[in-house]
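Below is one structure, written out as structure tokens; the observations come after it.
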Amino acid sequence: MRWRHKDLLDLDNLTVAEIEAILQTASSMKEVLIHPLEKLPTLRGKSIALMFYENSTRTRSSFENAGKILGAQLTNFSVAQSSVHKGESLLDTAKTLQAMKIDLVVIRHSSSGAAEFLAKHLRAGVINGGDGQHAHPTQALLDCFTLTERLGGCRGKKIVIAGDILHSRVARSNALALTKLGAEVVLVGPPTLLPPEMKYLGVKTTYDLDSALPGADAVMALRLQLERQRSGLFPSLREYSRLYGLTRERLARTGKKTYVLHPGPLNRGVEIASDLADSACSLIEEQVTNGVAVRMAVIYLMLGGAGYALDQKCTPA
Ligand code: CP
């Protein structure tokens, strides 16, 4: 498949075949991760800038690793030490990087739409590493990859996503991707954190986690942004945890073997019990490993792979 998108801003404009091509390419990339060569010459001569205006552990470091493994040149743009603090705008900063012949920009920003804004103005490709409450496409892709590996595919599987849906770019991107792949997605949260319009994504919604769990193949707990409590969106952490916290006892309501996911970072004892996060059914560390493979796949496809064949499946046409 020849990759036709300059940017990856969200998953709404990707076809099922394109999402599946990313997942299939990620499978080959995971083989590379498991049997590492020093570096692949795949993207030699290509240059990637990481522009993270918001904190990140997983996304930033996995993009960095993914780019390095593929042989690309990485520029780690540090907002704290940059001219952003002298008032330089997002666009001028990005254009400065582009003038250094950057091929691809990965951006994380607290404003929804920041990635799209850059994509409109730059010749370089743009990957959205999380923008405000809007989208986090590579997180959803790595979640789909992890579920596909563990469940043998997503079609017909019941996936429950629980927590602060309202503010979650992860929930929104996952709802888009998982429904495209044929999963039954149920979004669960308190009424103040679960907008009814999410139903338009083709998902079910409920305020009652216990009633959503029977038959679930996987449950994804979302990080509760603790500052939300101050805005009065739920009465107390204790109350939230009692109703929406994932525990071993609660997970038993699925009545089957069920995997647990979490995009991180975790609030242990709030949205997920610590022992459950560390249990055999938890895929949290696997998500992180798979994140590198998926980001390698995305970078590889977007930058054309320089004609370097990993195997038949991921050779660009
Ligand atoms: N899941 C996720 O986006 O984690 P980071 O904020 O650490 O990148």
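Each ligand, and each atom within it, is numbered from 1 in the order the structure gives.
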Run the salt-bridge test on [X] and [Y] with the 4.0 Å N-O cut-off and return the result as yes or no.
{"X": "Glu184", "Y": "Lys204", "answer": "yes"}
{"X": "Glu54", "Y": "Arg169", "answer": "yes"}
{"X": "Asp103", "Y": "Arg123", "answer": "no"}
{"X": "Asp10", "Y": "Arg172", "answer": "yes"}

Counting both backbone and side chain atoms, is some N or O of Arg60 under 3.5 Å from an N or O of ligand 1? no
Would you say ligand 1 has an N or O under 3.5 Å from any N or O of Pro265? no
Where ligand 1 meets [X] - atom numbers and elements under 4.0 angstrom, heavy-atom basis:
{"X": "Gln139", "result": "1 (N), 2 (C)"}
{"X": "Gly264", "result": "1 (N), 2 (C), 4 (O)"}
{"X": "Thr57", "result": "5 (P), 7 (O), 8 (O)"}

Nearest protein heavy atom to [atom], by residue and atom, and its distance?
{"atom": "atom 2 (C) of ligand 1", "value": "Thr59 OG1, 3.6 Å"}
{"atom": "atom 1 (N) of ligand 1", "value": "Pro263 O, 2.8 Å"}
{"atom": "atom 6 (O) of ligand 1", "value": "Arg108 NH1, 2.8 Å"}
{"atom": "atom 4 (O) of ligand 1", "value": "Arg58 NE, 3.0 Å"}

Taking the side chain as everything from C-beta on, heavy atoms only, tell me whether Leu122 gets closer than 4.5 Å to Phe117. no
Please verify whether a non-hydrogen atom of Gly130 lies at under 4.0 Å from ligand 1. no
About how many Å separate CZ of Arg250 and CG of Leu276, when rounded to the nearest 0.5 Å? 11.5 Å
Do the numbers put Arg108 on top of the ring of Phe52, so that NZ or CZ is under 6.0 Å from the six-membered ring centre and no more than 45° off the axis? no
